[in-house]
Amino acid sequence: GDKDEEQVLEVGATQVPHAEILEQVKPELKKKGIQLEIVVLQDYVTPNKAVEEGELDANFFQHVPWMKATNEERGWHLKKVTGVHIEPMGAYSKKIKKISELKKGATVAIPNATSEMTRVLLLLDKEGLIELDNRKGDKKLKNIKENPKNLKFKTLESAALPRFLGEVDLAVINTNYALQADLNPVKDALFIEGKDSPYVNVLAVKEGNENDKRVKELAKALHSPKIKKFIEEKYKGAVVPAF
Amino acid sequence: MFNEIDWATIWQATGETAYMVGISTFFTALFGVPLGILLVVTDTGQIWEKHWVQKAVATVVNIFRAVPFIILVLFLFPLAKFLVGTSLGPTAATIPLIAGAAPFYARIVETALREVDKGVVEAARSMGSTRFQVVVNVLLPEATSALISGLTVTCVTLISFSAMAGVVGGGGLGDAAFRFGFQSFNDGMLVTCGVLLVMMVQLVQWIGDWFSRQLDKR
Amino acid sequence: MFNEIDWATIWQATGETAYMVGISTFFTALFGVPLGILLVVTDTGQIWEKHWVQKAVATVVNIFRAVPFIILVLFLFPLAKFLVGTSLGPTAATIPLIAGAAPFYARIVETALREVDKGVVEAARSMGSTRFQVVVNVLLPEATSALISGLTVTCVTLISFSAMAGVVGGGGLGDAAFRFGFQSFNDGMLVTCGVLLVMMVQLVQWIGDWFSRQLDKR
Amino acid sequence: MIELKGISKTFPSQKGNQPVKALQNVDLHVAQGEIFGIIGRSGAGKSTLLRLVNGLETPTNGTVRVDGQEISQLAEKELRYARQKIGMIFQHFNLLQSRTVWKNVAFPLEMAKKPKETIRRKVDALLEQVGLSDRAQAYPSQLSGGQKQRVGIARALANDPKVLLCDEATSALDPETTSSILDLLREINRETGITLLLITHEMSVVQAICHRVAVMEGGQIVERGEVKSVFGNPKHSVTKQFVQQTEWMQSSDFPVQSTEKTRFHCSPDEMQDVWAKIGPAVQSGRVKVSVSERELKADGGMTFLIDGKREDVEQLLDSLHEEADLEVNVHV
Amino acid sequence: MIELKGISKTFPSQKGNQPVKALQNVDLHVAQGEIFGIIGRSGAGKSTLLRLVNGLETPTNGTVRVDGQEISQLAEKELRYARQKIGMIFQHFNLLQSRTVWKNVAFPLEMAKKPKETIRRKVDALLEQVGLSDRAQAYPSQLSGGQKQRVGIARALANDPKVLLCDEATSALDPETTSSILDLLREINRETGITLLLITHEMSVVQAICHRVAVMEGGQIVERGEVKSVFGNPKHSVTKQFVQQTEWMQSSDFPVQSTEKTRFHCSPDEMQDVWAKIGPAVQSGRVKVSVSERELKADGGMTFLIDGKREDVEQLLDSLHEEADLEVNVHV
Ligand SMILES: Nc1ncnc2c1ncn2[C@@H]1O[C@H](COP(=O)(O)OP(=O)(O)OP(=O)(O)O)[C@@H](O)[C@H]1O
Ligand SMILES: Nc1ncnc2c1ncn2[C@@H]1O[C@H](COP(=O)(O)OP(=O)(O)OP(=O)(O)O)[C@@H](O)[C@H]1O
Ligand SMILES: [Mg+2]
Ligand SMILES: [Mg+2]
């Protein structure tokens, strides 16, 4: 491209941490003659739709399973450019110190977004709190086969989970929200997703645009050591770089 | 696609919406009417001119109407805990619903009461009615028809507001339509929940219109 | 805590809210008034009794009021693209805002018009006015005061509704309060945005009340 | 001009109420240019009858014709034109609260899309006539009851109607305003041949202005005819009661169909001479003599009015003048 | 009972309007048990004056006392009690649209917390008196104008007020209903000593019921006094016009303060003899003679009414009887 001519790159993102991370690469791209416009969006459908329809050049908010599901159901054509970070999901409590202390009939709060449901249930299954009917495909609460502790599930808005932590025995919380609520995922989580999680957050574009020069520059910038450092320092383990 | 409809979820959601909307409509009326009355009677030239009361009530009403519902939910959860013993679930969701809708209905009540013929209020005053009697025996009965249609509007607004009850796990049809329908790409669920919502609104509207017409004596 | 307030963001958000609410209030009035008029004049015993029109309009209005705002946003996405050339940002957000608020205002208009003295409508009819003239020269002017206070209520509702404009990147004060304040546990931002929202509501209320009082000739 | 045939009107029963038979088989014919009065007790059905004429109520049975057109059969557009030619003064004024006095009167003209200048001229003139020029910019809520009624009258006249329906048009007015309004109506009637159908409970109004009168009771017309014959020789008990209670009243300002009118006073000592002249004149039927103030003056004398053809009146006056000490003050 | 001192009332100017001086320095004293009439042209300030009495308007200047209490100085609670004793009939009825006729009349009693049974009895009796028993369950919107006014009258009387303010209470009523309402008011006045302050533009009403009358013009009382003296000898031009236009009307059904009353007819040939007797009798001031029908009968004769103390009337009648061919029909 022409160095003098600034090229605009519009990327949809959720506020934390995606928009904050993107904010860090702005100067880097500026040097390359690319003006990064961050469009902050609040739900999980709009950003994909906007990319599919060409309203946005790329988005950065989702993990691969969600993107796949969207493509399948809607017949859209989103494509992963590169993975950036993982936000491991963790379980927190104000009432117990160890997971073994969890009583029978305890209340467990989980995010109400259907996009997180499978992930949460798989995590609980992995920790042995419940048993799912099988481990493939999308999961809902009714896929729970065994519930030895007779746990009661409450589905709440993800952002609200930390606020209601005191109200329940256990809450499974996205790390970004836990962090904002001054919870330390490393110290406070009773258990947390490992780095092996498939839920890496990716930069995504519409199929065919993955070789767009601007997108490539963005991907490159996101993988820079500077960003790695930023993520590690800012999020202190709650958000883990995946590169 | 329609065979994926999870009827158990839908009926539960319908029940939750009916429950939340029913309870919160009741309390909205309970708080909204007195607030609306206060807004009117304490105003200049009215039967209980009290400027500071007017200002105070108007400000409180405006604050509650200014705060986005989602923030209202999260701010009022201690209150919910205190009032209904829980800060989660449909019952807890009624607290922010009421807090959001009551000031709104208060404004509608205000408008309705201001429409009451001043001559009639004068007549009642001239017969030595107390202010309280004027409110109970003149303002409210004369405005009943408008009060009812205002409550219908409010109730319908509550139905669509209650979609946000998902924040505190209140559930309901709107929330189900969004999560199990829209987010899960299940158009069957989406349409079913949507149709049920519209039917609910239509029902409320019919009942409201019927009462309003019965009570309109002009 | 207060030193963390990002004023640039706040001013931008204030501008966005003013922009969205301004535009959508205008169009809400533009669509809501005719819809409200239709709801009244086509009803039994009114000047243009047409039951099927009444039913059709009532149903459309109810559908738009039944659908939760968030779903409305997502469904009206293509419409926004078509109408304003973009489906993201404050301008696009006005489309669902209008779609949500216009039917609501239509109901308020309906209530206001029903309050107009039937004798006056009769007088106008007896002077050979067309139905159109009755609407323009009698119903609307006689109800102006109630129409304005209804528009005030609607405008305030739009201010709090616009908090959800964040879904399509519309931004605004409500969204800022939620994202930068609430989600980020930044109470300074939260309070500042909240205060600005309340001030905005208060301002709208003042202006509305002033106009309403000016136009009330009874 | 107005023709009602076999009209019945029943208001359907409502919760806790019997249906109300407001009109029962009423026939009525009002000729072009006629001033027709309707009297009757409260609730007799007068307003309902009037409202049928411009289609504000539709009859349960029967037909209503105005100017040859059957009102209930007219299409929307024709009805509108028909109505522009039928003015109506409402019992409850029905003014637009949101318009000033001036704009209220201008209303029917605006509706008929008259040019601005015409409207201005017409409205100013009408307000002058009803004596409200100084309140032109006031709103109805700032007016007294009588002022509101006068606005309603001006409004009804604005469009130069061919038929004017008046529902108690003067009942909220003091005698002076009433008489000036009646003068106005009579004048318009004479000049434009407007047909007037008016409801009133003031016999004096009927007396002053109506050619014919109908008496209503229980939804029916129980008596009708020339004003003088109905009131002079009432047959139905309602009419009798009305006439008895409202004494036959005729003042100099309400000439019935007189051509000339003269007033004179005589003291008791002139009385014998005067009587010798007017007694025979009255018996001959050529003039009418009435008493202008009912009570005898302190001097025991009386003021008389003479009414009749110019030459007859003058002849009587001349014969009265022959008496040297007779004071005769002539007011034409 | 009612005492207004130096009352002025100015309605402040509004956009496009001059301020309206509705009342200017008005003094008025109405004694307990008195029936006081106020007449005046439309817009003279009558309604405004009335509304000051029960505090619906506050005077710009001056004091209003009712039953010794200064209305504008009363605390809320006292004002309420004072008002329960002041009934008011409104020019525009001001009925509650949401209540039936029955419940409208019951309203002031409910407000005063009267027992149910008392209310039932009282309301039924009042509706009977105003002739609306059969419309008890109707809503105001289903009533004719006169029926609404009668509901307003019944409502004003419900609480057995000591003072009754009537703003054109009978102006929408036919003569028969008017006379029955006036009878009712007079009866209540006689029985309970109620004080009545009434606005009317019907001279006949003033004549029929009022003890004293005040004439208003341009916000001032321009003339006042005994009804007979004001009307019999009008001084101000407004009064003169009123009296002239509404002729002095006195029928057998509206006895003023007469003790006895007699009516007789005489033909023209008897006239000279009769005049010789009544002329001097009137001049002596012992009796009043008035004419009962204004127009001379076809025989050129007249019907007279004699009014005065029993002995004086009888003396005159006796002297008239002395004339052999005089027909005297006595109605007491
Ligand atoms: N609220 C008001 N604002 C302004 N002017 C008013 C108001 N009320 C009355 N007026 C004016 O005050 C004057 C006196 O009014 P009022 O109602 O006392 O007249 P009235 O003698 O009762 O006349 P009517 O016989 O027509 O009822 C009128 O000129 C009227 O227009
Ligand atoms: N909309 C209505 N519904 C039911 N009854 C009605 C309605 N309008 C009028 N009536 C009844 O019909 C009868 C005739 O009413 P109308 O108004 O014609 O009387 P009116 O002769 O004009 O009396 P007034 O002199 O008191 O105005 C009354 O008994 C009245 O109560
Ligand atoms: Mg009538
Ligand atoms: Mg008045």
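Lettering follows sequence order; numbering is per chain, from 1.
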(message) Check whether R65(B) reaches the backbone of V153(C) with its side chain - one donor and one acceptor, N or O, closer than 3.5 Å.
(response) yes
(request) Heavy-atom distances under 4.5 Å only: say whether T157(B) touches chain C with side chain, backbone, both or neither. (result) both
(message) Do D43(B) and R213(C) have side chains that approach each other closer than 4.5 Å (heavy atoms only, starting at C-beta)?
(response) yes
(message) Does any backbone or side-chain atom of S162(B) lie under 4.5 Å from a heavy atom of chain C? Answer side chain, backbone, both or neither.
(response) neither
(message) Is L72(C) close to chain B through its backbone or its side chain, or both, or neither, when contacts mean heavy atoms under 4.5 Å?
(response) neither
(message) Would you compute the distance between atom CD1 of I71(B) and atom SG of C193(C) and round it to the nearest 0.5 angstrom?
(response) 8.0 Å
(request) Would you confirm whether the ring centroid of F161(B) sits within less than 6.0 angstrom of the ring centroid of F104(C)? (result) no
(message) Rounded to the nearest 0.5 Å, what separates atom CD in E110(C) from atom OG in S149(B)?
(response) 7.0 Å
(message) For the interface with chain C, which of A58(B), P68(B), G194(B) has the highest count of heavy-atom pairs at distances below 4.5 Å?
(response) P68(B)
(message) Going by side-chain contact (heavy atoms from CB on, under 4.5 Å), I63(B) matches just one of L197(C), V201(C), V198(C). Which one?
(response) V198(C)
(message) Using heavy-atom distances under 4.5 Å, tell me whether V67(C) contacts chain B through its side chain, its backbone, both, or neither.
(response) backbone
(message) Quick check for you: to the nearest 0.5 Å, what is the distance between M200(B) atom CE and N62(C) atom CG?
(response) 13.5 Å
(request) Please flag which part of F64(B) lies under 4.5 Å from any non-hydrogen atom of chain C: side chain, backbone, both or neither. (result) neither
(message) Below 4.5 Å, heavy-atom pairs only: which of S160(C), A163(C), G150(C) has the largest tally toward chain B?
(response) S160(C)
(message) Please classify the contact of M199(B) with chain C as side chain, backbone, both or neither, using a heavy-atom distance under 4.5 Å.
(response) neither
(message) If I measure from the heavy atoms of chain C, does Q205(B) come under 4.5 Å with its side chain, its backbone, both, or neither?
(response) side chain
(request) Output, in order, the C-alpha distance, side-chain angles, deciding distance and verdict of side chain to side chain contact (heavy atoms under 4.5 Å, CB included) for T111(C) and T111(B). (result) CA-CA 10 Å; T111(C) 308; T111(B) 308; over 6 Å; no
(request) Give, for atom CD of E115(B) and atom OG of S145(C), the distance between the pair rounded to the nearest 0.5 Å. (result) 6.0 Å
(request) Below 4.5 Å from any heavy atom of chain C, which atoms of L190(B) appear? Answer side chain, backbone, both or neither. (result) side chain
